[in-house]
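Counting starts at 1 for both ligands and their atoms, in listed order. Residue numbers count from 1 along this sequence.
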Amino acid sequence: MSAHAFLTVEDLHAGYGAGKVLHGIGFDVAEGEICAVLGPNGAGKTTLLRALCGMIRTEGVLRLDGVALPRRRPESVARMGVAHVPEGRGTFAPLSVAENLRLGAYTRRDRAAVAEDIERVYDYFPVLRERRAQAAGSLSGGEQQMVAIGRALMSRPRLILLDEPSLGLAPLVTRELFQIVRAVNERERTTVILVEQNAHLTLEFAHRAHVLETGRVVLSGAAADIRADAQVARAYLGIE
Ligand code: ATP
């Protein structure tokens, strides 16, 4: 493992109660990278994100920029610059788009900068500017995912954890969303961990990818290499 990794995951074990889900996972993420975590249903992808953001009990090494991530203290992990966009989005349906975005900045006191950041989110997602006064619950699935990502950006994260943003979205909408994630990654230098079952599209946007199966990393590599190797793509990801 490189000494200069931005995120280090080493021999990570995690689970729920007595049940173990992750059995000694290890990988590094470089700063500014889009890192895909792929794998079938139940492989442990969501559990990995919950472990990273301090929601569940873990054993092993988790370091961000050389500093150990706090265990079982999601607020402290968030303060270190880690934003989590959970599966199912977690937007507040009755609140407006603008109110949802402001919630992402609830710990911040710099009101002028918060207002600027809301404008920046609208620049990434122009449709949200149009819908800023509308209840989040009345938006399309893709727009709700934009609100969830926009809200995460409001904390000015260094690392953003996206859990299956493509869930329930049409392929074209997913592609548009991934293009915006890449624009954020390039312009803000935000490191991204993108958990997905949609391997084909994800490999187009990610720099590196790790494939999980039953709580273990079974394949790691450059996304382009995995995509280019038809045998590997078929064997590990079912891509024909
Ligand atoms: P999916 O794409 O279906 O979400 P995944 O790769 O994200 O799959 P996880 O959600 O991490 O997989 O689930 C891994 C295992 O952990 C599964 O066997 C699941 O039943 C179990 N699990 C997930 N959440 C809980 C929980 N809150 N309590 C107990 N077991 C859980």
Handout entry: Test: Asp163 and Arg50 ion pair at under 4.0 Å
Key = no

Exercise for the section: Write out the residue and atom name of the closest protein heavy atom to atom 10 (O) of ligand 1, then the distance separating them to 0.1 Å. Expected result: Thr46 CB, 3.5 Å

Completion exercise
The protein heavy atom nearest to atom 1 (P) of ligand 1 is Asn41 OD1, 3.4 Å

Practice task
Report the nearest protein non-hydrogen atom to atom 12 (O) of ligand 1: residue, atom name, distance rounded to 0.1 Å.
Solution key: Gly44 N, 3.2 Å

Fill in the blank from the handout: Ranked by distance from atom 13 (O) of ligand 1, the top protein heavy atom is Thr47 OG1, 3.8 Å

Exercise for the section: Measure the distance from atom 18 (O) of ligand 1 to every protein heavy atom, then report the residue, atom name and distance (to 0.1 Å) of the closest one. Expected result: Gly42 O, 4.5 Å

Handout entry: Donor + acceptor pair across side chains of Asp11, His13 (<3.5 Å)
Key = yes

Practice task
Give a yes or no on whether a salt bridge exists between Arg120 and Asp117, defined as a side-chain N under 4.0 angstrom from a carboxylate O.
Solution key: yes

Problem - Per-atom contacts, ligand 1 versus Arg50 - under 4.0 Å to a heavy atom - result: 24 (N)

Exercise for the section: Determine, using the 4.5 Å side-chain heavy-atom cutoff (strictly less than), whether Ile193 and Ile34 are members of one ILVMFWY cluster. Expected result: no

Practice task
Would you confirm whether any non-hydrogen atom of the protein falls under 4.0 Å from atom 29 (C) of ligand 1?
Solution key: yes

Handout entry: Atoms of ligand 1, numbered as shown, that sit under 4.0 Å from any heavy atom of Glu87
Key = 4 (O)

Problem - ligand 1 N/O within reach of Val21 N/O, cut-off under 3.5 Å - result: no

Practice task
Could you find the nearest protein heavy atom to atom 22 (N) of ligand 1 and give me its residue, atom name and distance?
Solution key: Tyr16 CE1, 3.4 Å

Practice task
Go through the side-chain N and O atoms of Thr58 and Arg71 and say whether any donor and acceptor fall under 3.5 Å apart.
Solution key: yes

Problem - Ala43: numbered ligand 1 atoms lying under 4.0 Å from its heavy atoms - result: 5 (P), 6 (O), 12 (O)

Practice task
Tell me yes or no: between the side chains of Tyr16 and Thr47, is some donor less than 3.5 Å from an acceptor?
Solution key: yes

Problem - Protein heavy atom under 4.0 Å of atom 20 (O) of ligand 1 - result: no

Problem - Salt-bridge contact Glu196-Lys45 (side-chain N to carboxylate O under 4.0 Å) - result: no

Problem - Heavy-atom side-chain proximity of Phe6 to Asp28 below 4.5 angstrom - result: no

Exercise for the section: Please could you name the atoms of ligand 1 that Gln197 approaches to less than 4.0 Å, counting only its heavy atoms? Expected result: 2 (O)

Handout entry: Side-chain H-bond candidate by donor/acceptor type, Tyr236 with Gln231, under 3.5 Å
Key = no

Problem - Whether Pro40 lies under 4.0 Å from ligand 1, heavy atom - result: yes

Practice task
Provide the number and element of each atom of ligand 1 under 4.0 Å from a heavy atom of Glu164.
Solution key: 2 (O)

Practice task
State which residue, out of Asp123, Ile118, Val147, fulfils the side chain to side chain contact (heavy atoms under 4.5 Å, CB included) condition with Leu128.
Solution key: Val147

